[in-house]
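Here the structure is laid out as structure tokens; the discussion comes afterwards.
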2 protein chains.
Amino acid sequence: MPKPVVPEEKRRRRRPTRSGTVLSEALIVETALRMLREHGSTGLTARRLGLALDADPSTLYRYFRGMDDLTLAIGDALIGQALEGWAPAGEWRRDLREVGLRIHAAYVAHPQAAVLTTSRVTGRANELAADEAVLDILRTAGLPLPDTVRVYHAFIDQTLAFAALDAASLALPSAALRADENQWRSTYAHLPDDRYPRIAEAAPLLAPRMVTSAYPTALDMFLDSVEKQLRADLSSQAP
Amino acid sequence: MPKPVVPEEKRRRRRPTRSGTVLSEALIVETALRMLREHGSTGLTARRLGLALDADPSTLYRYFRGMDDLTLAIGDALIGQALEGWAPAGEWRRDLREVGLRIHAAYVAHPQAAVLTTSRVTGRANELAADEAVLDILRTAGLPLPDTVRVYHAFIDQTLAFAALDAASLALPSAALRADENQWRSTYAHLPDDRYPRIAEAAPLLAPRMVTSAYPTALDMFLDSVEKQLRADLSSQAP
DNA sequence: ACCTTATGCCAACGCCATTGACCTTATGCG
DNA sequence: CGCATAAGGTCAATGGCGTTGGCATAAGGT
């Protein structure tokens, strides 16, 4: 057993590093998030993180089993941040909409981190809490279990899928290459209109649109569908 | 200029490697796809690829500017595979559905490769052809340009987003850890029902569902919306 | 005031991508 | 038909990466 990795709540001795900073799981994750924002999604390395924390890189292995484990912790922190201070209002549609937008926003707010962690099932506390919340909203609204399961699946997948896509496009242009919309324009607008007539005619309209997210629209369409389903279920169940 | 990288169509001398194999961009991409399938999405390295091709790793830099450039080529190959042999039938709904399903299927068929390349704008030939095709379907159906642009955006994003998500979950369980559905069950089914009652009650139903894709359903919902839009546009335009 | 052991540090290993210099051979031209 | 040229394969080296085992030290229960 080369790597015990004491769980956070069991930690007793907080020996400061050579330079005086006292480490903790939360501090490491925070620092990692900052490094991701500053150096891009490939800029998080054990060595750099150690440098930023004034600690030896190997120290990280006292807190996480490896960089992958740290990645999962970062993902869970994003979900936690998304639902921080949120409580269900009791109206299923409003609640579900809020959860979706919050999760999407949290990922998009940390695009470089999101790229690493979206589409990872962390199985950690905050993720479980979010799943429990969504399921509870639907069940409390009166949706039967089988429908709840189906709707939950679609909701989570759609939210995460758009979050991942939007985050990726925000995180992509690694350095100065971005110029966001300009980057897109420079790729597509200068194409020969004889070979790509449709792209050529659409390019001017496409450029500004491609930098916005389609998620809110998709979410509202999704909620309409849930509402229809819910009405059908309730009327057949108690006519 | 340290790296000229002769474009594929300009290549004249095809000097075989030490062991006799003759390299080409296509051969390299094919081999890379095979390696990705066999070794997982992180298993594609210049060294291993060189080994598999019986060539020095540095040889790759005669064909691609770097591993990132190779990645883009792999992505474009996937799109090319998706639309290989496809031609529009002239019915917009059927055509659009086919394009969406084909792209989604191509990515999901190479999950490890898809993880690397989804949400990358390659700007290469096959990708441009796909964009042109989608735009042409919508314009030919009679959709005005602004609506076409909006619908195109949503269509591409939704397709890629689901493709990325589904591919990621397929590529995830790096080795034997997968056991697909069992993996999911083992994470969620053994939770305390007092803290997570909704997850606990849903787990048995959730497990089988989470391993399927929600994309086809979402696509058909999307097409319904396009149809409605199209009808509105056509009637207002020629009453 | 000890003793244990958690926790930080060090040095080393084996990967990785990338590069510049070198060599060799396929090809186009005379 | 043969030669010059440069395309393209190879070599060796660089600097970064994650990760590990051994070691030192100080925190905390007793």
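All figures in this text were calculated on a predicted structure; none of them were measured in a lab. Convention: sequence-line order gives letters A, B, ...; per-chain numbering from 1.
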By nearest atom, which of the nucleotides [options] is closest to the [X] side chain?
X	options	result
A/Y61	C/dA21, D/dT20, C/dT19	D/dT20
A/Y63	C/dT7, C/dC9, D/dG18	C/dT7
A/D56	D/dG8, C/dC16, C/dC10	C/dC10
B/P57	C/dC22, C/dC10, C/dT18	C/dT18

Original post:
Counting any heavy atom closer than 4.0 Å, what does B/S58 reach on the DNA or RNA strands: base, sugar-phosphate only, or nothing?
Top reply: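 Result for B/S58 = base.
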
Rounded off to whole Å, could you give me the [atom1]-to-[atom2] distance for the [X] and [N] pair?
X	N	atom1	atom2	value
A/L23	C/dT7	CG	P	10 Å
B/L60	C/dA17	CG	P	9 Å
A/L53	C/dG8	CG	C1'	13 Å
A/L49	C/dG8	CG	P	13 Å
B/R48	C/dG14	CZ	C1'	13 Å
A/L51	D/dG15	CG	P	18 Å
B/M67	C/dC15	CE	P	17 Å
A/L44	D/dG16	CG	P	17 Å

**OP:** Would you tell me if any nitrogen or oxygen in the side chain of B/T59 comes within less than 4.0 Å of OP1 or OP2 on D/dG8?
**Re:** no

Original post:
What's the spacing between B/H104 NE2 and B/L165 CG if we round to 0.5 Å?
Top reply: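 The NE2 atom of B/H104 sits 8.5 Å away from the CG atom of B/L165.
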
**OP:** Provide the Watson-Crick or G-U wobble partner of D/dG29, both distances under 3.5 Å; none if there is no partner.
**Re:**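 C/dC2 - that is the nucleotide pairing with D/dG29, both distances being under 3.5 Å.
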
Subject >> C/dG20 pairs with, by Watson-Crick or G-U criteria that keep both distances under 3.5 Å >> reply: D/dC11

**OP:** Test B/H110 against B/Q81 for side chain to side chain donor-acceptor pair (under 3.5 Å), laying out the working first.
**Re:** CA-CA 11 Å; B/H110 298 270; B/Q81 240 173 58; 3.1 Å; yes

Subject >> Salt bridge A/R124-A/E25, side-chain N to carboxylate O under 4.0 Å >> reply: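 A salt bridge is present here (some side-chain N lies under 4.0 Å from a carboxylate O).
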
Subject >> Toward the 5' end of DNA chain C, by each residue's nearest nucleotide, A/D54 or A/R47 >> reply: A/D54

Original post:
Which of parallel (below 30°), tilted (30 to 60°) and perpendicular (above 60°) describes A/Y215 and A/F162?
Top reply: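 Plane angle between 30° and 60°, so tilted.
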
**OP:** Ignoring hydrogens and angles, tell me if any N or O in the side chain of A/D166 forms a donor-acceptor pair with the backbone of A/S213 under 3.5 Å.
**Re:**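 No; zero donor-acceptor contacts below 3.5 Å.
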
